[in-house]
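Data first, discussion second: the structure below is written as structure tokens.
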Amino acid sequence: MKTEILFKRLIILYILLFIAQLIIQAGTFFEPVNLDAAYEALSEIQEGTKYIYELMGISLGGSLLITLFLIILYFFNMYSLYKFKHYSRNLFIITLILFYINIVINYSTNLFVISPLSDYLIEIVIVYVEVSILILAYFSQIKKKFIKKG
């Protein structure tokens, strides 16, 4: 019973961390314009540096739609994990793989991205929580709750 409570609290913590990361990353869109950064971005465009999704032939709108679909899939998956649905463990792994592929696709071909330390710390904590959820779902007593009944 204590493992089930721990598992559900980890899922809630994971959702809160995910929302915090989304808010932090969305906040970077509304920062004041830095003329040096704008000049650097223009010079990168002239040098041919592109985003990976552009090299794959996907537009910015297509990339945003894929990301929106993954966010909806993420919240559906968290609900199904919380309710111990039989398909949720495998869907969680698939969702994680798709999210990490989406992150790689949305990076620039210039791989040297400077982010604030808080972004890295939140990402590290998120990875630890993801691993904890996977370990509990596959290697603890609650793995029996994910077996299809009937």
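Keep in mind that the numbers below use all heavy atoms, side chains included, and drop hydrogens, waters and symmetry copies. Numbers for residues simply follow the sequence, beginning at 1.
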Report summary line: Paired with Y74, the ring pair (Phe, Tyr, Trp, His ring centres under 6.0 Å) test is passed by just one of F92, F69, Y79, Y14, namely Y14
**Report entry** Check against side-chain contact (heavy atoms from CB on, under 4.5 Å), I93 and Y138
**Finding:** CA-CA 11 Å; I93 293 173; Y138 280 98; 3.4 Å; yes
Report task. Give a yes or no on whether Y128 atom OH has more than 12 heavy-atom contacts from other residues, nucleotides or ligands under 6.0 Å away. Result -> no
Report task. With rounding to the nearest 0.5 Å, note down the distance linking OG in S140 to CD in E4. Result -> 10.0 Å
Query raised in the report: Going from CG on N77 to CD1 on I72, what distance comes out if it is rounded to the nearest 0.5 angstrom?
Result: 13.5 Å
**Report entry** Inter-residue atom distance I11.CD1 - L81.CG, 0.5 Å rounding
**Finding:** 4.5 Å
Report task. Give a yes or no on whether L96 and F139 share a hydrophobic cluster (residues Ile, Leu, Val, Met, Phe, Trp, Tyr; joining criterion: side-chain heavy atoms under 4.5 Å apart). Result -> yes
Report task. Establish whether V127 and I124 are linked, either directly or via other cluster members, by ILVMFWY side-chain heavy-atom contacts under 4.5 Å. Result -> no
Query raised in the report: Going only through I, L, V, M, F, W and Y residues with side-chain contacts under 4.5 Å, is there a path from I15 to I5?
Result: no
Report task. Please determine if K85 forms a cation-pi arrangement with F146, meaning its NZ or CZ atom is less than 6.0 Å from the six-membered ring centre and no more than 45° off the ring axis. Result -> no
Report task. Indicate, with yes or no, if L68 and I19 share a hydrophobic cluster defined by side-chain heavy-atom contacts under 4.5 Å among Ile, Leu, Val, Met, Phe, Trp and Tyr. Result -> no
**Report entry** Gap separating the CG atom of L98 from the OG1 atom of T67, nearest 0.5 angstrom
**Finding:** 11.5 Å
Requested in this report: Assess whether side-chain contact (heavy atoms from CB on, under 4.5 Å) is satisfied between I147 and H86, documenting all intermediate values.
Outcome: CA-CA 5 Å; I147 297 173; H86 65 91; over 6 Å; no
Query raised in the report: Do the two ring centres, one from F18 and one from F99, sit under 6.0 Å apart?
Result: yes
Query raised in the report: Is any side-chain heavy atom of T95 closer than 4.5 Å to a side-chain heavy atom of F76?
Result: no
Query - K145 NZ/CZ over F84 ring centroid, <6.0 Å and within 45° of normal - result: yes
Report task. Given side-chain contact (heavy atoms from CB on, under 4.5 Å), test V125 with L121 step by step and report yes or no. Result -> CA-CA 6 Å; V125 172; L121 292 176; 5.6 Å; no
Query - Distance (rounded to the nearest 0.5 Å) between L17 CG and I12 CD1 - result: 12.0 Å
Requested in this report: Specify the closest pair of heavy atoms between L91 and L73, including all atoms of both residues, with the distance to one decimal.
Outcome: CD1-CD1, 4.0 Å
Report task. Output the distance between atom OG (S88) and atom CE (M78), rounded to the nearest 0.5 Å. Result -> 8.5 Å
